[in-house]
Amino acid sequence: MEYKQRTVTCGQLRKEDVGKTVVLNGWVHRTRNHGGIHFINLRDRYGITQVVISDTAKSEVIEIAASLHAEYCISIEGVVNARPDTMVNKEMVTGEIEVDVSSIEVLSVCDTVPFLVDEESDAKEETRLRYRYLDLRSFGMQKRIKLRHDFIRAIREFLSDRDFYEIETPTLIKSTPEGARDFLVPSRLYAGKFYALPQSPQLMKQILMVSGFDKYFQIARCYRDEDARGDRQLEFTQLDMELSFVKRDDVLLIIEELFHHVFKKVMNYETPEHFTRLSWHEAMNTYGVDKPDLRYDLPLLDFDELAHQSTFSTFKDVLGNGGCVKVIKAPHSDEVAFSRKYITSLEEAAKIYKAKGLAWAKVNDNGELEGGISKFLTEINDKVITYTQANPGDMLLFVADNWKTTCSSLGAVRVKIAKDLGLIDPSKFAFCWIIDFPLFEYNEDRGHWEAAHHMFSMPQTQYIDTLESNPGEVKGDLYDLVLNGYEVASGSIRIHDIELQKRVFRICNIPDEESQDRFGFLLNAFKYGPPPHGGIAPGIDRMVMIMAGETSIKEVIAFPKNTAAISPMDDSPSYVDSAQLDELHLIIKEDKK
RNA sequence: GAGGGUGUAGCGAAGCUGGUUAUCGCGACGGCCUGUCACGCCGUAGAUCGCGGGUUCGAGUCCCGUCACUCUCGCCA
């Protein structure tokens with residue numbers, strides 16, 4: 001098709017360009033028809049330029065202008081004019097000029113749009129996903145997709161400059177379920193056999209270490225067949241990294257340096273040289289989660305000792321059963337009244353995490369506790385006030401339960417308070433490391449120990465002799481990177497000793513024959529001089545989401561799936577015809593059709 | 001597997017304790033308008049109120065079921 005190709009973009013023209021004859025290609029953003037004069041806001045990736053068709057234009061040009069609608073793709077040619085002073089639009093970077101049109105071509109027309117392409121469309125997510133191609137035209141989406149590009153580019157530059165190689169690993173691999181369900185791909189050539197899509201390049205990158213590629217990274221697509229969430233999709237992208245001859249701190253330091261560089265470059269944001277480190281236990285105990293949002297403090301305080309001195313029997317019963325009591329202080333707020341209704345909403349947040357209730361007491365103007373359970377604290381009023389450093393108008397919230405439930409439920413209360421009282425600084429990026437994770441977790445349902453993280457992580461040396469005798473106590477050489485309350489990376493120093501690896505497998509109820517069958521290729525590789533190594537894998541989607549100030553990773557993925565694992569745009573997953581099934585030696589159960 | 005929220009015109013929403021003609025904005029269509037920039041003004045069309053059943057003289061509204069979307073718990077190293 002012959003058409004006039006653009007000589008400039010829609011975000012480019014300035015006052016200096018006045019007098020030039022230009023061609024613009026783009027989409028009709030808005031049209032304003034004043035009878036004798038038409039204005040068109042023409043949009044492309046780079047911006048918006050106002051083009052004008054006056055009544056002195058050729059009649060065919062006026063005719064076409066009158067027929068234009070939103071999102072028609074057009075080409076215009078014209079002369080750049082300065083706008084009269086009173087008509088300058090200071091909101092637009094191109095607002096000092098306009099293009100006086102001498103010819104228009106319609107390159108393609110557009111059906112009535114389901115929603116107007118705008119910076120912040122008010123369309124529901126489902127509608128946006130169904131018409132994703134239109135949604136992606138919005139400046140909001142374009143900005144986020146660019147941010148993602150800039151982020152990945154900065155990572156590649158930084159790591160390449162530090163002698164990392166980017167190496168691709170296969171996405172059709174042996175199924176080695178490690179935790180999540182695998183996506184399986186049936187083999188056509190071998191009836192009954194399947195490839196799996198990788199949950200991560202974990203084993204391949206470890207083998208690359210054996211091969212001597214001592215600094216590796218990959219922008220890797222990973223797949224996990226589990227239910228989606230706001231911050232979780234079936235497929236996602238991670239920066240997969242692995243290094244040889246490193247110890248934990250080497251990995252932490254390079255990540256700190258990497259994100260310092262990237263945040264400076266992409267966001268012009270100065271992250272600290274080193275990130276706060278918290279042990280897993282400390283994080284759980286103080287913030288109630290293993291991914292605390294450190295943009296605000298609001299710590300959980302131990303209340304066991306004072307609970308003993310109280311007259312509240314619930315507290316004493318819980319303590320008697322080996323549980324614990326914790327308290328959090330909600331600071332006085334002008335925005336939110338600590339009404340009965342509000343306290344109930346906090347209690348509901350706590351109950352999601354299995355707390356049986358949420359006790360409370362408010363501090364009155366005389367520094368005395370009142371309401372809620374205050375009558376049981378009368379005798380220790382001053383001790384409680386001093387311990388919690390509570391001020392008039394503050395409210396104390398208590399949970400008494402087993403340690404885990406107390407921490408996680410009060411942790412949820414902490415997050416809700418911070419949100420509701422506006423204690424979160426949205427311009428802040430608070431990184432922290434969580435270290436010293438337990439290596440094993442007991443699975444009650446299956447009746448055996450499992451890797452809390454994954455089975456290739458190194459136990460800390462002081463626990464190696466007592467792995468089998470006391471698995472619950474073993475801390476691993478594991479680390480998570482947390483940003484603003486999201487787990488954004490997870491890694492460990494790996495096991496590179498076959499015997500130690502087999503011991504860990506055995507503790508996880510995988511006997512030698514089975515581990516040889518499932519992970520034999522890794523164990524075999526480890527027979528040939530494996531180097532000590534470790535790595536980490538930051539999640540690209542989540543990090544970009546946080547950098548963009550969004551709460552759903554769908555906002556930073558061009559074509560995401562919805563929470564039902566469906567893509568409303570292409571309607572996947574879909575049925576396939578029987579010939580395809582035959583080739584793959586598959587039969588679908590009748591009742592599933 | 002479980003819980004909360006939502007479902008009304010192409011899109012986004014209003015619609016109270018059930019009441020007869022279901023409302024508003026955007027968009028679409030027709031007309032007017034030479035300076036707007038979310039242009040403005042006049043007019044028109046467009047809705048099995050997610051679906052199925054029930055209660056009732058009467059259901060968008062109440063009840064039961066079901067489906068879809070969404071957030072969360074479980075799950076996800």
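Residue numbers start from 1 in every chain, and the chains themselves are labelled A, B, ... in the order their sequence lines are given, proteins ahead of strands.
We find the CG-CE distance between N484(A) and M545(A) to be 9.0 Å, quoted to the nearest 0.5 Å. Separating the CD1 atom in I352(A) from the NZ atom in K416(A) is a distance of 9.5 Å, to the nearest 0.5 Å.
R494(A) contributes no side-chain N or O that, together with a main-chain N or O of M458(A), makes up a donor-acceptor pair within less than 3.5 Å. Listed for the S552(A) side chain is a donor-acceptor partner under 3.5 Å among the backbone atoms of K554(A). Counting only distance, with no hydrogens or angles, the side chain of R144(A) and the backbone of E555(A) share a donor-acceptor pair below 3.5 Å.
Atom CD of Q199(A) is separated from atom C1' of C76(B) by 9 Å (rounded to the nearest Å). If you measure from atom CD of E226(A) to atom C1' of U72(B), you get 16 Å, rounded to the nearest angstrom. Distance, I40(A) CD1 to A38(B) P: 16 Å, rounded to whole Å. The CG atom of D227(A) sits 12 Å away from the P atom of C71(B) (whole-angstrom rounding). When rounded to the nearest whole Å, the span between CD of E126(A) and P of C71(B) equals 12 Å. Protein atom NZ of K561(A) is 21 Å distant from nucleotide atom P of C76(B), rounded to whole Å. Residue I566(A) contributes atom CD1, which lies 13 Å from atom C1' of U70(B) at whole-angstrom precision. The distance between atom CZ of R229(A) and atom C1' of G1(B), rounded to the nearest whole Å, is 12 Å.
The P atoms of U48(B) and G30(B) are separated by 24 Å, rounded to the nearest whole Å. Taking atom C1' on both A2(B) and C49(B), the two are 29 Å apart, rounded to the nearest angstrom. Spacing of C1' atoms, C16(B) relative to U61(B), comes out at 10 Å, to the nearest Å. Here the separation of C41(B) from G60(B), taken at their P atoms, is 34 Å to the nearest Å. A distance of about 13 Å separates the C1' atoms of G53(B) and A59(B), rounded to the whole Å. Using P as the reference atom, C42(B) and G27(B) are 15 Å apart when rounded to the nearest Å. C62(B) and U8(B) are spaced 16 Å apart, taking the P atom of each and rounding to whole Å. When the P atom is compared between G52(B) and C67(B), the two are found 15 Å apart, to the nearest whole Å.
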Take R32(A) and N41(A) through the test side chain to side chain donor-acceptor pair (under 3.5 Å) and record every step on the way to the result.
CA-CA 9 Å; R32(A) 292 179 293 282; N41(A) 283 0; 3.1 Å; yes
Stepwise, does the side chain to side chain donor-acceptor pair (under 3.5 Å) test hold for Y287(A) with D293(A)?
CA-CA 8 Å; Y287(A) 302 105; D293(A) 190 342; over 6 Å; no
A correct 5'-to-3' footprint of nucleotides 4-16 of chain B, with B, S and - meaning base, sugar-phosphate only and no protein heavy atom under 4.0 Å, is ------SSSS---
Nucleotide-resolved protein contact map, nucleotides 32-37 of chain B, B/S/- at heavy-atom distance under 4.0 Å:
-BBBBB
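A donor-acceptor pair shorter than 3.5 Å cannot be found between the side chains of D477(A) and Q460(A). T49(A) and E98(A) form no side-chain donor-acceptor contact under 3.5 Å, judged by distance and modelled atom types alone.
The two residues I510(A) and M455(A) have their closest heavy-atom pair at CD1-SD, 3.6 Å.
Ring geometry for F183(A) versus Y223(A): interplanar angle over 60°, hence perpendicular rather than tilted (30 to 60°). Between H34(A) and F39(A), the angle of the ring planes goes over 60°, which puts this pair in the perpendicular group of the 30/60° scheme.
Base-pair partner of G58(B): not found among the strands shown (Watson-Crick or G-U wobble, both distances under 3.5 Å). A38(B) is unpaired under the Watson-Crick or G-U wobble criterion, no partner having all donor-acceptor distances under 3.5 Å. U44(B): Watson-Crick or G-U partner is A28(B), with both key distances under 3.5 Å. The base-pairing partner of A68(B), taking Watson-Crick or G-U wobble contacts with both distances under 3.5 Å, is U6(B). Nucleotide G1(B): paired with C73(B) (Watson-Crick or G-U wobble, both distances less than 3.5 Å).
Within the nucleic acid shown, I53(A) has no heavy atom closer than 4.0 Å to any nucleic acid atom. Across all strands shown, I48(A) has no heavy atoms under 4.0 Å from either base or sugar-phosphate atoms. Across all strands shown, Y353(A) has heavy atoms under 4.0 Å from sugar-phosphate atoms exclusively, and none from any base. Counting any heavy atom pair closer than 4.0 Å across all strands shown, A70(A) reaches no nucleic acid atom.
Closest to the side chain of H69(A), from the set G1(B), A28(B), C76(B), is A28(B). Candidate nucleotides U70(B), U72(B), A38(B) were compared by shortest atom distance to the side chain of T563(A), and U70(B) ranks first. Across C73(B), C26(B), C39(B), the shortest atom-to-atom separation from the side chain of I352(A) is found for C73(B).
Toward the 5′ end of RNA chain B lies the nearest nucleotide of N562(A), the other residue of the pair N562(A) and R181(A) mapping further downstream.
Using a 4.0 Å cut-off, some side-chain N or O of K554(A) falls inside it from OP1 or OP2 of C71(B).
In this model, a side-chain donor or acceptor of R232(A) finds a partner on the base of C76(B) within 3.5 Å.
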